[in-house]
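The basis for the numbers below is simple: all heavy atoms, side chains too, and nothing from hydrogens, waters or symmetry mates.
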Amino acid sequence: YFANQILGGGSSGRLFQTLRIEKGYTYGAYSRVSARKEIAPYTISSSVRSNATYPSLLLIKRMVDQYGLKYSQADVDLTKNMIIKQNTRAFESFGAKLGILQNISKYDRPVDYVDQDQKTLMSMTLADFRDVINSYINEPDMVYVIVGDKATQLSEIKKMRKTVIELDKFGNPIN
């Protein structure tokens, strides 16, 4: 969660800023690790214009490839500042307090897990962030799921030099 913030944790993330603000390919682009009891996938998601599918894929690939290398001390400081500021108001509402109780119950978290998480964040170094990024955010391990018009998209997508598996609208492989 902490290591993802700069790449795609919100509208200030690099994915959003590049794909929406700079290029105008989409209304939003985000990345996340879903909360789960078991292993959770790292996902990047966006709905881009059909004529921007291939250039968007290239940008995402490059951004993920370079994320660990380009992650700087300024990014560490910004991440810590953003999350601490978010947390000052994040747990004020009834729903947020209920969410804390649900996390404690569902994921067997300690009662003071929010404080523990903040302490973990504040103790993280640039090397810690880079270790997490290099361990869990690896472009070669990514599976791209593209939904769109085969006639206009498939030849472009094949330029990525990835294995392409076509599925029908029910998720069955097309031979």
Side-chain angles (χ1 to χ4, degrees), residues 1-20 26-48 56-57 60-61 63-68 70-147 162 165 167-173:
Y1 174 77
F2 301 146
N4 175 63
Q5 288 304 301
I6 299 296
L7 182 62
S11 61
S12 63
R14 291 177 184 161
L15 289 167
F16 188 100
Q17 291 296 310
T18 303
L19 293 172
R20 178 181 178 169
T26 182
Y27 284 113
Y30 307 94
S31 56
R32 71 194 61 77
V33 176
S34 302
R36 299 220 176 128
K37 279 189 165 186
E38 303 299 325
I39 296 172
Y42 177 78
T43 60
I44 296 174
S45 60
S46 185
S47 294
V48 300
S56 296
L57 290 170
I60 291 167
K61 180 185 183 324
M63 292 171 74
V64 172
D65 275 340
Q66 298 174 356
Y67 187 50
K70 289 189 171 186
Y71 201 90
S72 67
Q73 184 60 48
D75 294 327
V76 171
D77 297 340
L78 179 60
T79 298
K80 290 178 179 183
N81 189 32
M82 283 183 353
I83 292 173
I84 294 300
K85 284 184 178 177
Q86 287 171 359
N87 284 352
T88 59
R89 293 186 316 258
F91 306 110
E92 292 178 350
S93 72
F94 175 75
K97 289 180 172 119
L98 181 59
I100 291 171
L101 294 174
Q102 287 172 329
N103 287 337
I104 291 167
S105 174
K106 185 175 183 177
Y107 302 112
D108 198 27
R109 303 287 312 262
V111 174
D112 65 341
Y113 82 89
V114 173
D115 290 333
Q116 288 183 23
D117 286 353
Q118 285 193 167
K119 286 176 186 171
T120 298
L121 170 64
M122 296 312 291
S123 70
M124 289 179 71
T125 65
L126 176 58
D128 294 330
F129 277 93
R130 284 186 175 166
D131 284 346
V132 170
I133 292 165
N134 293 331
S135 295
Y136 298 104
I137 305 176
N138 295 305
E139 193 282 330
D141 296 335
M142 291 176 65
V143 174
Y144 292 83
V145 177
I146 296 113
V147 178
K162 303 268 186 189
I165 300 170
L167 304 174
D168 66 18
K169 66 182 180 179
F170 302 106
N172 301 309

Worksheet item: For Gly68 and Asn134, which heavy atoms make the closest approach, and how far apart are they?
Response: CA-OD1, 4.0 Å
Worksheet item: Within the distance-only criterion (no hydrogens, no angle test), does the side chain of Thr26 pair as donor or acceptor with the backbone N or O of Arg20 below 3.5 angstrom?
Response: no
Worksheet item: Taking only residues two or more places apart in sequence or in another chain, which ones pass side-chain hydrogen bond (donor to acceptor under 3.5 Å, both in side chains) with Lys80?
Response: none
Worksheet item: Below 4.5 Å, heavy atoms only, C-beta onward: do Met124 and Thr79 meet side chain to side chain?
Response: no
Worksheet entry | For the student: nearest non-hydrogen atoms of Ile44 and Ser31, plus distance | CG1-CB, 3.6 Å
Worksheet entry | Residue pair Asn4 / Val33, side-chain heavy-atom distance below 4.5 Å | no
Worksheet entry | Asn138, Leu7, Asp141 screened by side-chain contact (heavy atoms from CB on, under 4.5 Å) with Tyr42, the one that passes | Leu7
Discussion item. Using side-chain heavy atoms (C-beta onward) and a distance below 4.5 Å, is Gln5 in contact with Leu78?
Written reply: no
Discussion item. Could you tell me if the side chain of Pro41 sits less than 4.5 Å from the side chain of Arg36, heavy atoms only?
Written reply: yes
Worksheet item: Above 12 or not: heavy atoms from other molecules or residues under 6.0 Å from OH of Tyr144?
Response: yes
Fill in: Working for side-chain contact (heavy atoms from CB on, under 4.5 Å), residues Ile100 and Asn103
CA-CA 5 Å; Ile100 291 171; Asn103 287 337; 5.7 Å; no
Item to complete: Look at atom OH of Tyr27 and say whether more than 12 heavy atoms of other residues, nucleotides or ligands are closer to it than 6.0 Å.
Response: no
Worksheet entry | Val76 side chain near Thr125 side chain, heavy-atom distance below 4.5 Å | no
Worksheet item: Any idea which heavy atoms bring Leu15 and Met63 closest together, and the distance?
Response: N-CE, 3.5 Å
Worksheet item: Is the backbone of Gly28 close enough, under 3.5 Å, to the side chain of Ser46 for a donor and an acceptor to pair up by distance?
Response: yes
Fill in: Option from Arg130, Arg14, Lys70 for which side chain to side chain donor-acceptor pair (under 3.5 Å) with Asp75 holds
Arg14
Practice prompt. Assess whether side-chain contact (heavy atoms from CB on, under 4.5 Å) is satisfied between Tyr1 and Ile83, documenting all intermediate values.
Written response: CA-CA 10 Å; Tyr1 174 77; Ile83 292 173; 4.0 Å; yes
Fill in: Partners meeting ring-ring contact (aromatic ring centres under 6.0 Å, His included) with Tyr71 (sequence neighbours left out)
Tyr67, Phe129
Practice prompt. Hey, could you give me the CE/CZ distance between Met82 and Phe2, rounded to the nearest 0.5 Å?
Written response: 11.5 Å
Worksheet item: Do the side chain of Lys37 and the main chain of Tyr107 share a donor and acceptor less than 3.5 angstrom apart?
Response: no
Discussion item. With heavy-atom distances below 4.5 Å as the criterion, would you say the side chains of Arg109 and Asp117 are in contact?
Written reply: yes
